[in-house]
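Only a predicted model underlies this, so the values are computations on that prediction, with no experimental measurement involved. A, B, ... follow the sequence lines: proteins, then strands. Residue 1 opens every chain. When reading the values below, keep in mind they use all heavy atoms of this one structure, side chains included, and skip hydrogens, waters and symmetry mates.
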Protein chains: 2
Amino acid sequence: MGRSSDSRSERPGQHGRDNPRATGAVRLSDVAAAAGVAAMTVSRALNQPELVSERTRERVQRAVIETGYVPNRVAGALASSRSKMVAVLVPTVAHSIFADVVQSITDTLALDGYQVLLGLTGYQTQEEAAVVDTVLSRRPDAIVLAGTRHSEATRSRLKAARIPVVEIWDMSDDPIDMLIGFSHHAVGAAVADYLLECGYRRFGQAMADDPRSHQRAEGFNKCIRKAQEERPESGIQVTTCWADIPASLAGGRAAAASLLEEMPECEAIVCGSDTLAMGVMAEAQSRGMAIPETLAVMGFGDMSFAAATWPALSTVKIDGAEIGRLTAEHLLGCFNAPSPEPVHNVLDVGFEIMARQTTLTARN
Amino acid sequence: MGRSSDSRSERPGQHGRDNPRATGAVRLSDVAAAAGVAAMTVSRALNQPELVSERTRERVQRAVIETGYVPNRVAGALASSRSKMVAVLVPTVAHSIFADVVQSITDTLALDGYQVLLGLTGYQTQEEAAVVDTVLSRRPDAIVLAGTRHSEATRSRLKAARIPVVEIWDMSDDPIDMLIGFSHHAVGAAVADYLLECGYRRFGQAMADDPRSHQRAEGFNKCIRKAQEERPESGIQVTTCWADIPASLAGGRAAAASLLEEMPECEAIVCGSDTLAMGVMAEAQSRGMAIPETLAVMGFGDMSFAAATWPALSTVKIDGAEIGRLTAEHLLGCFNAPSPEPVHNVLDVGFEIMARQTTLTARN
DNA sequence: CTGTTAGCGCTTTCAT
DNA sequence: ATGAAAGCGCTAACAG
């Protein structure tokens, strides 16, 4: 047993020079030597244990512990062209809505041994292109990205990568591959319909200045304009205020202050996120305005953030954690499918308007 | 030019079979062929452009665009044993405090071309050990992890990895390598001192049931006990309520309700996070208790979350984004240092008690 | 400044 | 059930 059969077992450096190897880490062949088997057998014992006899498996197990072996998945990924990594690209993780998505995807994928490579794209298309390139160079097995508006370069890069791509958090007529999202325009329209139905007439909008908020605002405004044309006498009005991104409580306060200045008789403020909504409510409260009696406020996102604090808040319920889970499970389905062909599949998760009685029946 | 000098340029599969290669992606040698240079020259043109003549650089640039080449960093990492990835391990990203850390580290590292491999460890030591192993198998160039209480297995694994390790968000006498954090025990004690100094006597604690919150509570209680012994007549009391993790507004409300039930004459509630603090304040408000006149509330974390809404809230300021930035810059310093030896370095970023006059002078 | 060669540590394939 | 050989796509080291 003096000499192992592995030609590199004496750990020479590259080119046979006799300085120590760069990493110094335990290799598969070291474990193999310790267990008295071939490297390939160790690989199998670790990755496809059912193909190895129980006796060998145990010996390998022991050798792994003895040597403190940590597999090198970089090498594994190169050899097998499967990295067991999924890239997740979101504008930011400092917003609860995307943090929930990332958390949920990470948790769900971990169950199947996949890891998340995080990419934060900011809110600029140009930045996104750079992040996509960097991330693709890691050869992830799939990529999830928020939004459906990408540069043509980004789209072609993603298609050329020939891996599952899931766009989330928005809707599109022409997804790159898969899509799990909803129409922000439709949400905006639905909110307008809803509030008009409730009897409100004078609206403010406190929206973050990002593309998806713009779409919701457009949907809202379009619906409002239609109502104005149909019922010119009703006095329907809307004023919009764009808050800086990232959205903050302070931004919400400022937006509310500005809206109430411009439109003191404002009855309802529609907000681009729960964060903005809370800022708006803080401002209203500081002015002694009763919510929802004097001013109704509508948020956007999952209720969990705000509901406990502000029972008067109504919101469009979009649960990031749920979207994340759906996305991850969908991907795992792709990975496990007999055919690894990309599936073209549009899935609208819909949305739900959560309205507390206290708020939205107030004026009836 | 009919035949390239690259022996694999005709893209045979492994072992010379003639099915197409697994990935089908453009390789360095494809770019080299298109540019009429050697693969190595392309590599240099991309990674060390200063070593290549301008003419060659331009030809390579053109060939890269022409072929749509996306470097394979998996192969690069294997060959060079530098992955340009930093693993970041936090309990969760669904808490603003850790989300800020991750956001900030990601942003800062991106400036130097590093990417973040995200690991979410939950709050259990056992889970952490598994995540550490998985993450190390990707051979990150460094690892950042929240907390200083790890299993012995985790510690030895991390030491054996021979990469920079930064523990953050806590203090330790025996860090694995580097540490950027603060003592939770000391924070708890400082808060107690502060509130006693302000004249408060009957305290509630609404803490999340995680190790670091426990340490703060211990620091707080120790300080309180000392005061009780020194001034038995003063009527100093404290009751603690442990909220479920992850901390939520609802959990904060429930904790406050329970505390106020047990100790109706409670004067100040110390909270384990801003989230809990906001829940506590919601409950107080719903009971018509004036803050801070009737009940003072202290949070923990960065003010940015809550300050705009609750000017009456006081808090221990721990800015996750700042810690993240510090950590990333510290790491980049290590990477660029002439000596890549691990630096043993304890850095206490300290903390700051932000106290709004309105709250903490209320009883004076 | 550019090219050649020999691996990085693993998995695929084929052979036993 | 186990092993041997070849190669994944890139970069370090040396040679020119």
Side-chain angles (χ1 to χ4, degrees), chain A residues 4-9 11-17 19 21-32 35-57 59-60 69-84 137-139, chain B residues 4-9 11-17 19 21-32 35-57 59-60 69-84 137-139:
Chain A
S4 149
S5 60
D6 185 286
S7 64
R8 293 197 311 271
S9 64
R11 306 184 142 228
Q14 293 192 354
H15 306 265
R17 286 163 306 103
N19 35 343
R21 283 188 314 118
T23 72
V26 178
R27 293 159 303 172
L28 204 52
S29 60
D30 298 324
V31 180
V37 296
M40 197 51 235
T41 304
V42 177
S43 173
R44 271 195 285 257
L46 261 31
N47 301 316
Q48 312 170 67
E50 68 281 3
L51 296 184
V52 168
S53 77
E54 195 176 321
R55 185 164 155 281
T56 309
R57 211 184 307 150
R59 291 176 61 177
V60 168
Y69 176 62
V70 178
N72 185 333
R73 284 204 191 218
V74 177
L78 179 60
S80 65
S81 35
R82 301 195 320 109
S83 63
K84 280 268 182 179
S137 73
R138 303 280 178 197
R139 299 293 188 265
Chain B
S4 148
S5 60
D6 187 284
S7 64
R8 294 196 309 272
S9 64
R11 305 186 143 227
Q14 292 192 353
H15 306 265
R17 286 163 305 102
N19 34 343
R21 286 186 315 115
T23 71
V26 178
R27 293 159 303 174
L28 203 52
S29 58
D30 298 324
V31 180
V37 296
M40 195 56 229
T41 304
V42 178
S43 173
R44 273 195 284 257
L46 262 30
N47 301 315
Q48 310 169 67
E50 68 281 4
L51 296 183
V52 168
S53 76
E54 193 175 321
R55 185 162 157 281
T56 309
R57 211 183 308 150
R59 291 177 62 177
V60 168
Y69 176 62
V70 178
N72 184 334
R73 283 204 191 222
V74 177
L78 180 61
S80 66
S81 34
R82 300 195 320 108
S83 62
K84 280 267 182 180
S137 73
R138 303 282 176 196
R139 299 293 187 266

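In this structure, A:Arg82 atom CZ and C:dC10 atom C1' are separated by 13 Å, rounded to whole Å. In this structure, the CG atom of B:Asn72 is 8 Å from the C1' atom of D:dC10, given to the nearest Å. Between the CG atom of B:Leu28 and the C1' atom of D:dA12 there is a distance of 14 Å, given to the nearest Å. Between the CE atom of B:Met40 and the P atom of D:dG16 there is a distance of 18 Å, given to the nearest Å. Put simply, CZ on A:Arg57 is 11 Å from C1' on D:dA1, counting in whole angstrom units. In this structure, B:Leu78 places its CG atom 9 Å from C1' of D:dC8, rounding to the nearest Å.
Rounding to the nearest 0.5 angstrom, the gap separating the OG atom in A:Ser80 from the CZ atom in A:Arg73 is 9.5 Å. Atoms CZ and CZ, on B:Arg59 and B:Arg55 in that order, are 5.0 Å from each other to the nearest 0.5 Å.
Checking B:Thr56, B:Val37, B:Asn47 one by one against B:Val42, the side-chain contact (heavy atoms from CB on, under 4.5 Å) holds for a single residue, B:Val37.
Look at A:Thr56 and you'll find a side-chain N or O under 4.0 angstrom from OP1 or OP2 of D:dT2.
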Practice item. Test side-chain contact (heavy atoms from CB on, under 4.5 Å) on B:Arg139 and B:Leu78 and set out the steps. Key: CA-CA 9 Å; B:Arg139 299 293 187 266; B:Leu78 180 61; over 6 Å; no
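Listed here is the closest heavy atom pair of A:Arg138 and B:Lys84: NH2-O, 2.9 Å. Annotation for A:Ala77 and A:Ser83: closest pair CB-CA, 3.8 Å, computed over non-hydrogen atoms. Here the closest non-hydrogen pair linking B:Leu28 and B:Ser43 is CD2-CB, 3.9 Å.
Of the two residues near DNA chain C, B:Ala75 and B:Ala38, the one whose nearest nucleotide lies more 5' is B:Ala38. Two residues, A:Arg73 and B:Val37, neighbour DNA chain C, and the one matched to the more 5' nucleotide by heavy-atom proximity is B:Val37.
Here A:Val74 lies out of heavy-atom contact (under 4.0 Å) with every strand.
End-to-end axis angle of the helix from C:dC1-D:dG16 to C:dT16-D:dA1, using five pairs per end and rounding to 10°, comes to 30°.
Considering only the side chain of B:Tyr69, D:dC10 comes nearest among D:dG3, C:dT2, D:dC10.
Checked by atom type and distance alone, the side chain of B:Arg57 pairs as donor or acceptor with a backbone atom of B:Val52 at under 3.5 Å.
Residues passing the side chain to side chain donor-acceptor pair (under 3.5 Å) test with B:Thr41: none are found, sequence neighbours excluded.
Only B:Ser43, B:Asn47, listed by number, bring a heavy atom of residues 41-53 of chain B to less than 4.0 angstrom from any atom of DNA chain D.
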